[in-house]
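To keep things clear, I will list the structure first and then write my remarks on it.
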Amino acid sequence: MSTAVKRACDACHRRKVKCDGVNPCRNCSASQLGCTYNAIPQKKGPKGSRAKVISELRETQRQTSLSAKVQTRLNGMNSPPSNSSLAPTPGLLTPETIKECIEFFFANMYPTMPILHRQRLEQQTHFLEHTMDTYCLLTSLSAFMMLQPGMTMPGSDPYSLDSMPGANIVSATMLLEETLRVRKSYDYLESSTLNTLCTSYFLFGCYYGLDMHDKAWFHLREATTLMHMLGMNHEDTYSQYDRIEASRRRRLYWLFFVTER
DNA sequence: TTATTCGGAAATTAAAAACA
DNA sequence: GTTTTTAATTTCCGAATAAT
């Protein structure tokens, strides 16, 4: 049982073979290699507060159990756990959630992103079962709102899930996935509307809030491309819309422009 | 056959937490 | 302060694969 050498030379380290630690070492001499000890050893041991792996595992486990609870809470016990079709999940987006998320949006977010029109949005909520474009807008809006500080879990909650840290993130993630899933069911590239673009913006916001910056930028760029496809960079395209629609589109264009920097 | 490669077990090390 | 626990890094065993 030979004891491990204090430091293996660069070649032995790469080759994962036993090094005798002298210079030149036996392996290097045998294979006529230059024997060097240039590699700078990394610092060993945990980094940060009790390092990360165990806390990551704990966090995912916590999220999984929360996810189950939120799922039953949001759609009242009788939902299939995995929906493989592209249809909206019944009961996931409750009217209560929609109402509170719209409320929160216009109370807190509208000043910095005045891209929706309250009356028109509320009118649309009556048809969301049949218009996927609207459904996606509302799921993504709700997801985005759930991630905002100060937003509470909608609905009265017998298990006080709203006070549980992470519950919002779990439901936001579920709504986010729902948006992406349902969005596959129609060709939003071909028939882009204001809703499509707003949805992309909220997707951007969600991913950004979840620190998934690559995906966030993907949705932002996708929307920017869509806007160019729609000719929103030319003032004369706005004349085909009524005043309110045109103003929201202009604002959205500039919001994207400013966000992309 | 011998030589080489590389997955991963075991050892080593150091930071953080627990304890006295 | 010392000890224990935890986790990041390193060494290198030995099975798999390649070369001869």
Side-chain angles (χ1 to χ4, degrees), chain A residues 1-74 81-84 140 143-153 157-181 184 202-222 259-261:
Chain A
M1 217 232 297
S2 58
T3 165
V5 76
K6 191 96 172 162
R7 181 115 136 79
C9 76
D10 299 333
C12 290
H13 178 43
R14 267 229 43 212
R15 297 174 61 198
K16 299 189 176 183
V17 291
K18 180 157 177 60
C19 185
D20 57 19
V22 298
N23 194 351
C25 75
R26 205 151 31 79
N27 282 317
C28 287
S29 309
S31 29
Q32 289 135 69
L33 288 167
C35 189
T36 58
Y37 291 80
N38 295 332
I40 299 154
Q42 303 285 98
K43 276 216 161 191
K44 293 179 176 180
K47 295 175 172 60
S49 188
R50 254 309 179 235
K52 57 176 186 231
V53 173
I54 200 165
S55 38
E56 266 176 25
L57 287 167
R58 271 202 269 267
E59 179 60 16
T60 41
Q61 284 187 5
R62 198 177 64 88
Q63 298 260 330
T64 311
S65 68
L66 260 176
S67 179
K69 284 184 189 166
V70 172
Q71 181 108 8
T72 38
R73 243 275 282 118
L74 282 177
S82 63
N83 192 346
S84 56
S140 61
F144 187 43
M145 290 310 101
M146 292 283 191
L147 290 175
Q148 300 311 311
M151 177 72 194
T152 49
M153 285 280 291
D157 191 345
Y159 305 106
S160 66
L161 266 176
D162 49 350
S163 62
M164 233 155 145
N168 278 18
I169 293 179
V170 174
S171 25
T173 309
M174 280 169 52
L175 289 163
L176 176 59
E177 282 165 7
E178 173 82 353
T179 311
L180 295 170
R181 194 174 54 74
K184 287 184 199 144
F202 294 137
L203 288 174
F204 159 76
C206 288
Y207 278 125
Y208 200 85
L210 291 168
D211 264 333
M212 296 162 80
H213 294 197
D214 287 349
K215 287 188 176 181
W217 291 112
F218 169 80
H219 287 289
L220 192 71
R221 300 239 162 78
E222 179 187 58
T259 311
E260 241 195 339
R261 262 185 306 325

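Residue numbers begin at 1 in each chain, while the letters A, B, ... track the order of the sequences. All figures in this text were calculated on a predicted structure; none of them were measured in a lab.
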- Query: Knowing that exactly one of A:Phe144, A:Tyr207, A:Phe204 qualifies, which makes a ring pair (Phe, Tyr, Trp, His ring centres under 6.0 Å) with A:His219?
  - Reply: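 By the ring pair (Phe, Tyr, Trp, His ring centres under 6.0 Å) criterion, A:His219 pairs with just one of A:Phe144, A:Tyr207, A:Phe204: A:Tyr207.
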- A:Arg14 or A:Lys6: which one's nearest nucleotide on DNA chain B is closer to the 5' end?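 Of the two residues, A:Arg14 wins.
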Can you tell me if the side-chain N/O atoms of [X] get under 4.0 Å from OP1 or OP2 in [N]?
X       : N      : value
A:His13 : C:dT11 : yes
A:Lys43 : B:dA15 : yes
A:Lys47 : B:dA14 : no

Measure [atom1]/[X] against [atom2]/[N] and give the value in whole Å, please.
X       : N      : atom1 : atom2 : value
A:Gln32 : B:dT4  : CD    : P     : 10 Å
A:Lys44 : B:dA14 : NZ    : C1'   : 9 Å
A:Asp10 : C:dC12 : CG    : C1'   : 16 Å
A:Asp20 : C:dC12 : CG    : C1'   : 13 Å
A:Leu33 : B:dA3  : CG    : P     : 14 Å
A:Lys18 : B:dT5  : NZ    : C1'   : 19 Å
A:Asn27 : C:dT11 : CG    : C1'   : 13 Å

- Item | C:dG14 pairs with, by Watson-Crick or G-U criteria that keep both distances under 3.5 Å |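 B:dC6 - that is the nucleotide pairing with C:dG14, both distances being under 3.5 Å.
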- Message: For A:Tyr208 and A:His213, I'd like to know if the aromatic rings sit close, meaning centre-to-centre distance below 6.0 Å.
- Response: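 For A:Tyr208 and A:His213, the ring centres are under 6.0 Å apart.
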Which nucleotide in the set [options] lies at the smallest distance from any side-chain heavy atom of [X]?
X       : options               : value
A:Pro46 : B:dA15, C:dT9, C:dC12 : B:dA15
A:Val17 : C:dT10, B:dT5, C:dT11 : B:dT5
A:Lys16 : C:dT11, B:dA15, B:dC6 : B:dC6

- Message: Mind checking if A:Arg15 touches a base, just sugar-phosphate, or nothing, with heavy atoms under 4.0 Å?
- Response: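 Touches a base.
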- Is A:Cys12 touching bases, backbone alone, or none of the nucleic acid, heavy atoms closer than 4.0 Å?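 Here A:Cys12 touches no strand at all.
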- Message: Determine whether a donor-acceptor pair (N or O, by modelled atom type, separation under 3.5 Å) exists between the side chain of A:Asn27 and the backbone of A:Cys12.
- Response: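 Not at all, since once roles are kept as given, no pair shorter than 3.5 Å links the two residues.
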- Query: Do A:Glu260 and A:Arg221 touch side chain to side chain, with heavy atoms closer than 4.5 Å?
  - Reply: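 Result yes, sub-4.5 Å side-chain heavy-atom pair found.
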- Item | Heavy-atom neighbours of A:Asp214 CG exceed 12 at 6.0 Å |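 No - once you tally the heavy atoms of other residues, nucleotides and ligands closer than 6.0 Å, there are 12 at most.
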